[in-house]
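Following: one structure in structure tokens, then a few remarks.
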Amino acid sequence: MGVALRDIIVEYKVPVTWEALPGVAAVDAHNALYQFLSIIRQPDGTPLMDSNGRVTSHLSGILFRNASFLERGIRPVYVFDGPPPDFKQKTIEERRRVRVQAGVRWEEALAKGDTKEAYKQARSSSKVDREIIETSKKLLSLMGIPCIEAPSEGEAQATHMVMQGDASYVVSQDYDTLLFGVPMLVRNLTISGKRKIHGRSVTLNPEKVTLPGVLKGLGITREQLIQIAVLIGNDFNPGLKGIGPKTGLKLVKEGSFEKTLREREPDFDPAPVIDFFLQPPITSEYDLAWHPPDTVKIEEMLCGEYNFSVERVQKALEGIVGKAGQKTLDKWF
DNA sequence: CTGCGCTA
DNA sequence: TAGCGCAGG
């Protein structure tokens with residue numbers, strides 16, 4: 001998922017604290033849900049499920065993450081994807097193929113008793129399907145958190161909302177919003193900060209990436225950043241074999257973007273992709289309103305339908321109403 | 001991912 | 001009271 005800009009952007013990330021991030025956060029909903037689905041699993045890869053076998057990992061993630069956002073003065077708005085552009089079709093099919101294959105390999109690893117491999121494959125088999133999206137929207141709404149439908153890519157819409165001044169930054173693990181021109185992107189906005197990477201437990205702190213910082217640091221324009229994304233591959237085109245971010249940056253800086261494409265992929269016209277990043281479908285018609293959480297209905301949904309523990313849910317909700325309550329409730333809701 | 005209980 | 005490991009649904 002996303003574009004592999006990490007290697008050239010690593011220097012331009014700035015650590016931030018939660019206290020420095022008050023205001024409205026435009027959350028890349030698909031990215032957040034995928035993260036929850038892929039990570040909130042048992043060691044053998046089994047996700048959290050209710051007694052009917054329905055996946056609940058995303059609901060757990062949404063409840064605790066957003067309770068924490070609200071407690072700390074961050075007002076999240078979740079931006080969901082609309083219909084993808086035609087030229088994303090190949091990417092979508094390829095992802096589906098990889099996902100299905102991971103599902104098969106998960107089964108195989110389980111049969112062999114290879115727990116580590118099972119967990120890895122299970123993560124890759126995660127799918128943000130219609131059911132996941134609908135249940136997520138329902139819980140978010142009950143928590144009083146606005147959900148926006150993008151005309152097309154959620155990342156483009158979230159970016160637009162920051163540019164309009166309706167949100168302060170985008171929350172996503174992916175760098176794609178930079179291509180859409182987001183002024184500020186925040187990654188690792190998690191509560192614990194703890195992650196398991198290569199079996200080791202490491203602490204990841206929230207970090208911000210600003211587009212001006214990246215462009216200035218790399219000495220390029222946004223158009224050139226998009227050119228790099230086209231060369232190395234992104235959500236909308238596969239990129240050229242053997243060209244990663246470093247080589248892409250070099251080629252683009254020496255003005256060889258068109259020449260390289262002409263030589264390597266004469267039949268590929270990058271114009272639609274470039275144009276999509278520069279002028280994506282977006283809308284200014286959205287309502288941003290936060291409400292106090294409907295604690296009764298949340299409990300009905302999570303505990304009544306999905307077997308969540310009443311104590312855990314109530315505790316999370318108390319955190320929102322209690323702390324956010326007295327100080328900021330009036331201003332927000 | 002997140003909360004929580006146990007350990008030093 | 002920080003750090004680790006496990007359960008959560």
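Numbered from 1 within each chain, the chains take letters A, B, ... in sequence-line order. All values below were derived from every heavy atom in this structure, side-chain atoms included, with hydrogens, water molecules and symmetry-related copies excluded.
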Subject >> A:P245 backbone acceptor or donor facing A:D7 side chain under 3.5 Å >> reply: no
**OP:** Return no unless some side-chain N or O of A:R54 is found under 4.0 Å from OP1 or OP2 of C:dG9.
**Re:** no
Original post:
What nucleotide, of B:dT2, C:dG8, C:dG9, holds the atom closest to the side chain of A:Y306?
Top reply: C:dG9
Original post:
Are the side chains of A:N237 and A:F268 in touch, meaning some heavy atoms are under 4.5 Å apart?
Top reply: yes
Original post:
Starting at CG of A:L63 and ending at C1' of B:dT2, how long is that distance when rounded to a whole Å?
Top reply: 10 Å
Original post:
Base, sugar-phosphate, or nothing for A:P47, non-hydrogen atoms under 4.0 angstrom?
Top reply: base
Original post:
Hey, does A:S68 reach any base, or is it just sugar-phosphate, or nothing, if we go heavy atoms under 4.0 Å?
Top reply: nothing
Original post:
Among the nucleotides C:dG9, B:dG3, B:dC1, which one has an atom lying closest to any side-chain atom of A:R65?
Top reply: B:dC1
Subject >> Selection from C:dG8, C:dG9, B:dG3 that lies nearest to any side-chain heavy atom of A:F64 >> reply: B:dG3
Original post:
To the nearest Å, how far apart are A:I39 CD1 and C:dG9 P?
Top reply: 19 Å
**OP:** Return the value, rounded to whole Å, for the distance between atom CZ of A:F308 and atom C1' of B:dT2.
**Re:** 11 Å
Subject >> Proximity to the side chain of A:K315 - top-ranked nucleotide from B:dC1, B:dC4, C:dG9 >> reply: B:dC4
Original post:
For the pair made of CG in A:N52 and C1' in C:dG9, what is the distance, rounded to whole Å?
Top reply: 11 Å
Original post:
Hey, is A:K259 close enough to A:E263 for a salt bridge, meaning N to O under 4.0 Å?
Top reply: yes
**OP:** Round to a whole Å and report the spacing from CZ of A:F36 to P of C:dG9.
**Re:** 16 Å
Original post:
Within the distance-only criterion (no hydrogens, no angle test), does the side chain of A:W18 pair as donor or acceptor with the backbone N or O of A:F69 below 3.5 angstrom?
Top reply: no
**OP:** Specify the separation, in whole Å, of atom CD of A:Q42 and atom C1' of C:dG5.
**Re:** 15 Å
Original post:
For A:R312 and C:dG8, what is the distance between atoms CZ and P respectively, to the nearest whole Å?
Top reply: 7 Å
**OP:** Could you tell me the separation between the CG atom of A:L189 and the P atom of B:dT2, rounded to a whole number of Å?
**Re:** 9 Å
**OP:** Check whether any side-chain N or O of A:T190 sits under 4.0 Å from OP1 or OP2 of B:dC1, and answer yes or no.
**Re:** yes
Original post:
Under the 6.0 Å and 45° cation-pi test, does A:K137 pair with A:F80?
Top reply: yes
